[in-house]
Amino acid sequence: MTRSIRALGTILAALALAVTMGGSAGAAADRRAGELPASISLPDGFRPEGIATGAGPFAFISSMADGSIYRADLRTGRGAIISRGPGTPSLGMKLDSRGRLFVAGGTGGDARVVDSRTGRVLASYRLVTGPAFVNDVILTQNAAWFTDSTNPVLYKLPLRGGRLPDTVVRIPLTGDLEYGDGFNANGITPTPDGRGLIVVQSNTGGLFHVDPSGATRRVDLHGESLREGDGLLLRGRTLFAVQSHPPALTCLRTARDPCAPARAGSR
């Protein structure tokens, strides 16, 4: 689960792009003039996890090893580490229209916001003390939401007028989503109507509608399972779900009720 590319769906136009380890970081091999690179080399031991893109020609890749952020030019394949990590993992990431990267801190139990241009840490938040696995993040119109695969809670950063808050809001998860052994809440995305959230539970394969209050309702998958579900991406009324073991990309077509997607196919 934790080795998959969490924001896979955000770069559908670049799905063929491979990330390779070792060698000269940022070097694009066997590329003719004018062609886009087929691979991007990362530093040895980087352990890539999350990936995010925005309006520009750059991809941002997080490291499970030490939490560093690597910025790669998708036109050339070259890049460099722009932000050194805190020594704990960086996992899911999202980039907003202001060029700010919101980063989930995994076992560090934290989140931070990084300037994607300079690599400067704009804000850092202690989300929880004790065991944690802050796994993924989604941006809505007025907040950043983080999942925790260890603790049954969502962490909300209110973004009033785009301003970063001083503190985090902890919202306990109630209702149908019950935590068990292994990795629980993982990927997260807004509902089609934007009024709620959709979360996948990796260890059970369940999909859940989450109200902003934290109340959860199970989504009817008509007998199917998203076990080992990781990243989620909603495009229109189609939900893309990345499953990590074995690797798969599942497509769900939602009905008018955002809590009732119907299976459309997977591969």
Steps toward side chain to side chain contact (heavy atoms under 4.5 Å, CB included) verdict (Asn203, Phe183): CA-CA 6 Å; Asn203 52 356; Phe183 288 94; 5.6 Å; no

Check: Asn184 side chain, Gly182 main-chain N or O, donor-acceptor pair, under 3.5 Å: yes

Residue of the set Asp110, Thr147, Asp148 for which side-chain hydrogen bond (donor to acceptor under 3.5 Å, both in side chains) holds with Tyr155: Asp148

Donor-acceptor under 3.5 Å (Ser202 side chain, Gly229 main chain): yes

From OG (Ser149) to CD (Gln201), nearest 0.5 Å: 9.5 Å

Verdict with reasoning, Val199 to Trp145, per side chain to side chain contact (heavy atoms under 4.5 Å, CB included): CA-CA 11 Å; Val199 169; Trp145 298 82; over 6 Å; no

Where Ile188 and Asp136 come nearest, the two heavy atoms and their spacing: N-OD2, 3.7 Å

Considering all heavy atoms, the nearest Leu91-Gly106 contact: CD1-CA, 3.5 Å

Distance (rounded to the nearest 0.5 Å) between Leu74 CG and Leu36 CG: 8.0 Å

Ile171 versus Pro212, closest heavy-atom pair with distance: CD1-O, 3.5 Å

Chi angles and distances behind the side chain to side chain contact (heavy atoms under 4.5 Å, CB included) call for Ile61, Phe46: CA-CA 10 Å; Ile61 303 163; Phe46 189 82; 3.9 Å; yes

With Asp96 via salt bridge (Lys or Arg N to Asp or Glu O under 4.0 Å) - residues at least two apart: Arg100

Closest non-hydrogen atom pair, Arg237 against Pro192: NH1-CB, 3.5 Å

Side-chain (Thr88) to main-chain (Thr107) donor-acceptor, under 3.5 angstrom: no

Exercise: identify the closest heavy-atom pair between Leu159 and Pro165: CD2-CD, 4.1 Å

Side-chain touch Leu226/Leu252, heavy atoms, less than 4.5 angstrom: yes

Side-chain donor/acceptor of Thr53 to backbone N/O of Ala59, under 3.5 Å: no

Ser62 (side chain) donor-acceptor with Gly50 (main chain) under 3.5 angstrom: yes

Thr189 side chain to Ile198 backbone, donor-acceptor under 3.5 Å: no

Met93 side chain near Ile69 side chain, heavy-atom distance below 4.5 Å: yes

Any pair counted as side-chain hydrogen bond (donor to acceptor under 3.5 Å, both in side chains), so long as it reaches residues 167-182, sequence neighbours left out: none

Rounded distance [0.5 Å steps], CG in Leu139 versus NZ in Lys94: 7.5 Å

Atom CZ of Arg126: over 12 foreign heavy atoms under 6.0 Å: yes

Gap separating the OG atom of Ser90 from the OH atom of Tyr70, nearest 0.5 angstrom: 16.0 Å

Side-chain H-bond candidate by donor/acceptor type, Asp230 with Ser244, under 3.5 Å: no

Val137-Val153 co-clustered via ILVMFWY side chain contacts under 4.5 Å: yes

Shortest non-hydrogen contact between Ser68 and Gly85, atoms and distance: OG-N, 3.0 Å

Same apolar cluster (I L V M F W Y, side chains within < 4.5 Å links), Phe133/Leu177: no

Test item: Leu197 and Leu154 side chains (from C-beta on) under 4.5 Å apart, heavy atoms: yes

Flag side-chain contact, heavy atom, 4.5 Å: Phe102 against Leu164: yes

Same apolar cluster: Val210 and Leu157, side chain cutoff 4.5 Å: no

Leu207 CG to Arg218 CZ distance, which is reported to the nearest 0.5 Å: 9.5 Å

Shared hydrophobic cluster, Val200 / Phe208 (ILVMFWY, side-chain heavy atoms < 4.5 Å): no

Check: Gln243 main-chain N/O paired with Arg227 side-chain donor or acceptor under 3.5 Å: no

Gap separating the CG atom of Asn186 from the CG atom of Asn135, nearest 0.5 angstrom: 4.0 Å

Main-chain N/O of Val169 paired to Lys156 side chain as donor or acceptor, under 3.5 Å: no

